[in-house]
Amino acid sequence: MKTLKGRIWTFGDNIDTDAIIPARYLNTSDPASLAAHCMEDADPDFMKKMRPGDILVAGDNFGCGSSREHAPIAIKAAGIACVVAKSFARIFYRNAFNMGLPIFESGALHDRVAPGDEIEVDADRGLIRIGPDGPPLTIEPIPPFMQQLLTDGGLMGHLARKAAGRAERSPA
Amino acid sequence: MGMTLTEKILCRHTHLDRVHPGELISARVDLALANDITAPIAIAEFRRAGGTKVFDRNKIALVCDHFTPNKDIESAGQCRTVRAFAREQAIAHFYEGGNCGVEHALLPEQGIVLPGEVVIGADSHTCTYGALGAFATGVGSTDLAAAMLTGEAWFKVPESMKFVLTGALSPWVSGKDLILHIIGRIGVDGARYRAMEFSGETVAALTMADRLTMANMAIEAGAKNGIFPVDDTTRTYVAARSDRRYVADTPDPDAAYSDVLEIDCSAIEPQVAFPHLPSNVRGIGDVGDVRIDQAVIGSCTNGRIEDLRVAARVLRGRKAGPDVRLLVLPATPSVYRAALEEGLLAVFLDAGAVIGPPTCGPCLGGHMGILAAGERAVATTNRNFVGRMGHRESEVYLANPAVAAASAVLGRLAGPDDLP
């Protein structure tokens, strides 16, 4: 996975999926339409301020609440490169890997950065660097199965690969 | 070392002899469900993966309950997508219109979920079915697409927390108050990634309605699932609804729990969760003077007939305050009919209530009861996040049906004992 470098936006603990994409916009699943309202109830001006390639940095339990996959879809379609949080709510965590939004857990990052800082996320080496010369912080390792999901382009890609593997091995 | 209730059920749905917390498994699912908001993405993913036929048309439920009756043209389009797929695949459990109710009230009521089953749903409140002694958890649409295709889902076997409930409930205290109290105690991520297993002498005294309410809100503590033991209450509830066979698992006596919490239920008074987290709870005696503009009684949390009976007991012979909009939404057509036959709807009409159709509508700020900036609602629903029921400067206070009804009468947060 290539190194992700970007300007950050910070959010606190318990950012719920209603804040990430309010239910009033769920009458569509079109990624661009959802992206237009990304993070709206956490910061109404977020989409006016952010640039594609930016990174979200949050506290504990990011993505709690509703199971709506529209939340990671909105973040990804808005052009956010990745999300780094102290911890993620479980359905959001699953959804992100299933649909291919890179997310990372770091207990240390959130308390050491300010909005507008630049960070570099090197997923392969499990490191985050604040600014060009900052000391490296470690990322919680991604379990092998989740890494495989990312490599295969999400859950459906993973299933397709598994099915293809079975077909190759079958005697027919 | 033995297995917890959750571990036993998951294990029985794999080829393994036992499973351990933290282990990644693939398990067979007995039911996969989605609603009008989450199904369209799942259907698109199903087709994108080349899917032509679902793994078992009898093990999928599609419930158009969120933005229905269709709130706008786009929502109508989403329901059309779900309906077309349900017809094409001859999905056995497809609900819309007059046979439709709020999914997590509807499916148990219709006998579609049984003890010991593994259920996944593209809706976070799928955990409701743990009340029946099933393993049930919310997932996203892509997970659901995969399950519709393969009949399986991947899980990390969760650690289990055990909640030992003791003591008798005080008047006007219900399952809603117990679960709000627990969430207040452990926090909105206090059970993150874990199973909440409920046990103890008080459980036997809890109605199925109370258990459904409690399991429903396990997700508000971050849990993967909430689960109750199967007992006579469960067996009686299920026998009236289904003749399918089921397995009633029990936890092993030497099962390992990551935490054991004892809850003295006799010390709990009606609870109110203040904005903007379900963990922000106070006893009804400590709420202060909080004026409300709207009271909502309904949802998958508290829209069952037992909930409407409690609300009617409080509202009989009384009227909602002049500045309060009281909304009552029976969660299913059967609940609606029972409320009609028992005379509860007349009580609500006399109290000045608007009686809505079975829909999730206002709970998630969809429609039928949206709040303006600065407005406050007391609601029997499950979430009070920023903007949950409307404008981001509106507020939601979560409570049980008796508190919601009493608050509607007085125009401020209050319990039934505060009524003259």
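Lettering follows sequence order; numbering is per chain, from 1.
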Within this structure, what is the [atom1]-[atom2] distance for the pair [X] and [Y], rounded to the nearest 0.5 Å?
| X | Y | atom1 | atom2 | result |
| --- | --- | --- | --- | --- |
| A:N27 | B:C79 | CG | SG | 11.0 Å |
| B:R47 | A:M156 | CZ | CE | 12.0 Å |
| B:H125 | A:S67 | NE2 | OG | 9.5 Å |

[X] versus chain A, heavy atoms under 4.5 Å apart: side chain, backbone, both or neither?
| X | result |
| --- | --- |
| B:L277 | side chain |
| B:T150 | side chain |
| B:D72 | side chain |
| B:I370 | neither |
| B:Q78 | side chain |
| B:L364 | both |
| B:Y193 | both |

Closest non-hydrogen atom pair, [X] against [Y]:
| X | Y | result |
| --- | --- | --- |
| B:A146 | A:L159 | CB-CD1, 3.4 Å |
| B:L24 | A:F145 | CD1-CB, 3.4 Å |
| B:R192 | A:N61 | CD-OD1, 3.3 Å |

Could you tell me which residues in [range] have at least one non-hydrogen atom under 4.5 Å from a non-hydrogen atom of chain B, sorted by residue number?
| range | result |
| --- | --- |
| residues 77-115 of chain A | A:S87, A:F88, A:A89, A:R90, A:I91, A:Y93, A:R94, A:N95, A:N98, A:M99, A:E105 |
| residues 11-25 of chain A | A:N14, A:D16, A:D18, A:A23, A:R24 |
| residues 28-42 of chain A | A:T28, A:S29, A:E40, A:D41, A:A42 |
| residues 130-137 of chain A | none |

Chain A: which of [options] shares the most heavy-atom pairs with it under 4.5 Å?
| options | result |
| --- | --- |
| B:F385, B:W154, B:F67 | B:W154 |
| B:N382, B:T126, B:L149, B:D189 | B:D189 |
| B:S75, B:G387, B:G365, B:G138 | B:G138 |
| B:V139, B:I219, B:V386 | B:V139 |
| B:K156, B:H391, B:R388, B:K224 | B:K224 |

| said: When you compare the side chain of B:I37 with that of A:H70, does any pair of heavy atoms fall below 4.5 Å? | reply: yes
| Would you say the side chain of A:S66 lies within less than 4.5 Å of the side chain of B:R383, judging by non-hydrogen atoms? | yes
If you count every heavy atom of other residues, nucleotides or ligands that lies below 6.0 Å from [X] atom [atom1], does the total exceed 12?
| X | atom1 | answer |
| --- | --- | --- |
| A:K49 | NZ | yes |
| A:R161 | CZ | no |
| B:K71 | NZ | yes |

| note | Most contact-rich option vs chain B, by heavy-atom pairs under 4.5 angstrom, among A:C64, A:P44, A:G157, A:G154, is A:P44
| request: Decide whether A:E69 and B:T38 meet the rule of one side-chain donor and one side-chain acceptor closer than 3.5 Å. | output: no
